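Note that these values count all heavy atoms, side chains included, but never hydrogens, waters or copies made by symmetry. Everything numeric in this text was worked out from a predicted model, so none of it was measured.
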Amino acid sequence: MNILIFSLILLAGAYVAGLLGSLTGLGGGVVVIPLLTLVFHVDIRYAIGAALLASIANSSGAASAYIKEGITNVRLGMFLEIATTLGAVGGALIAVFTPTNTIAVLFGVVLIFSALMTVRKKHEHALQEGSRLSYVLKLNGSYPTPQGEVSYKLTNIGGGFSIMLLAGVLSGLLGIGSGALKVLAMDGAMKIPFKVSTTTSNFMIGVTAAASAVVYLQRGYIDPGIAFPVVLGVLGGAFTGARLLTVLNPKTLRYIFCVAISFVALEMIYNGLHHQF
């Protein structure tokens, strides 16, 4: 296979990855890495490097729109990025010295968890009374709805911060945005309305990925020939997904994607256990 055909196939695959990631809220990395490793047999560390760059580009494009609409809690995102960035740098350093088969198995386990997270019941109601720390740090906020502005309060700040630290480690180690864990921290632990938690998570993913990408770049695990078509494809797919989301049934898509990504996860785990990476 020559470089042109490889790049075109990779561009098309990354486009599908960005499309599915945008429609399900998991991000393109959960499809890009299996695509590169299982189909093209790219070393998993180079696949992670390309996925991190795609996450940065994808997050930067979508985050600006959500901030403009007033949904993202920027102050909360900046506070939680302290945890995710520290975790991401640590995870990236660990990944350099971790066997690729171990990374593949762990990636498969996290994929299954992420898939299950897409179909769980979401927290939709805004709390009217928050914890003392949420007032001290001024993390409470509001977001626009068709019925008007809705105010919300936060609770369990410490628990959410701890989960974010773990999300950062997994992001650096596996090259995915760990959006499922970020949403779990904000939606499950801190009781933030789901729309705010997903948009704030998207805002944070780019910063977390950038912290990890620096380590991969220094170690030589970012190949422009792989990363460039992946970034272009994921960006194109993400923008298409954002438009389709208004006309498609996202709940049905999440169930379909949950099943599909679970099969991919089992393949990653199987190959990892049998030292195929």
Side-chain angles (χ1 to χ4, degrees), residues 21 24-27 29-30 55 59 62-91 110 113-145 147-174 176-212 250 254:
T24 58
L26 288 179
V30 298
S55 294
S59 173
S64 59
Y66 291 133
I67 291 172
K68 187 176 180 180
E69 291 173 12
I71 303 173
T72 303
N73 188 328
V74 177
R75 189 178 182 89
L76 174 64
M78 295 299 290
F79 169 69
L80 294 177
E81 276 169 5
I82 298 171
T84 59
T85 302
L86 290 173
V89 173
V110 173
F113 170 76
S114 299
L116 293 175
M117 282 290 294
T118 63
V119 294
R120 74 181 181 92
K121 186 177 180 180
K122 311 298 191 297
H123 178 78
E124 300 287 356
H125 302 292
L127 289 182
Q128 299 305 310
E129 188 60 40
S131 65
R132 182 174 178 275
L133 194 57
S134 70
Y135 290 98
V136 172
L137 297 175
K138 299 179 180 178
L139 300 177
N140 301 317
S142 62
Y143 67 101
T145 68
Q147 292 74 37
E149 200 80 6
V150 174
S151 298
Y152 58 89
K153 306 294 188 295
L154 280 63
T155 186
N156 195 14
I157 306 299
F161 193 88
S162 301
I163 298 174
M164 286 295 177
L165 187 64
L166 176 60
V169 171
L170 290 176
S171 177
L173 182 61
L174 305 177
I176 57 178
S178 295
L181 271 176
K182 288 184 173 73
V183 173
L184 177 64
M186 290 184 280
D187 176 44
M190 303 169 77
K191 305 301 180 187
I192 303 173
F194 183 66
K195 182 178 285 188
V196 178
S197 65
T198 51
T199 54
T200 304
S201 169
N202 192 286
F203 167 71
M204 296 169 58
I205 282 173
V207 178
T208 308
S212 310
R254 288 191 181 101

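In this structure, the separation between NZ on K138 and CZ on F79 is 14.5 Å, given to the nearest 0.5 Å. For the atom pair CG (L139) and OH (Y152), the distance works out to 9.0 Å, reported to the nearest 0.5 Å. Between the OG1 atom of T200 and the CD atom of E81 there is a distance of 10.0 Å, given to the nearest 0.5 Å. The OG1 atom of T208 sits 10.0 Å away from atom CZ of F203, with the distance rounded to the nearest 0.5 Å. Remark: M204 CE to T84 OG1 distance equals 4.0 Å, nearest 0.5 Å.
Contact between T85 and A211 at its shortest, heavy atoms only, is CG2-CB, 3.7 Å. Closest approach of A83 and L165 over heavy atoms only: O-CD1, 3.3 Å. Scanning both residues, M164 and L80, for their nearest heavy atoms gives CE-CD1, 3.6 Å. Considering all non-hydrogen atoms of both residues, S212 and G172 come closest at OG-CA, 3.2 Å.
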Q. For M186 and L76, what are the C-alpha separation, side-chain angles and deciding distance, and is it a side-chain contact (heavy atoms from CB on, under 4.5 Å)?
A. CA-CA 10 Å; M186 290 184 280; L76 174 64; 4.1 Å; yes

**Q.** Full working for side-chain hydrogen bond (donor to acceptor under 3.5 Å, both in side chains) between N73 and Y143
**A.** CA-CA 8 Å; N73 188 328; Y143 67 101; over 6 Å; no

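Here L174 pairs with I103, L106, F107, V110, L170, I176 under the side chain to side chain contact (heavy atoms under 4.5 Å, CB included) rule; sequence neighbours left out. For S134, the side chain to side chain contact (heavy atoms under 4.5 Å, CB included) partners two or more places apart in sequence, or in a different chain, are S131, N140, L154, I157. Shown here are the side chain to side chain contact (heavy atoms under 4.5 Å, CB included) partners of S142, two or more places apart in sequence or in another chain: E149, S151.
Side-chain N or O atoms of S201 include none that pairs as donor or acceptor with a backbone N or O of S197 at under 3.5 Å. Distance alone, capped at 3.5 Å, is enough to place a donor-acceptor pair between the R75 side chain and the L137 backbone.
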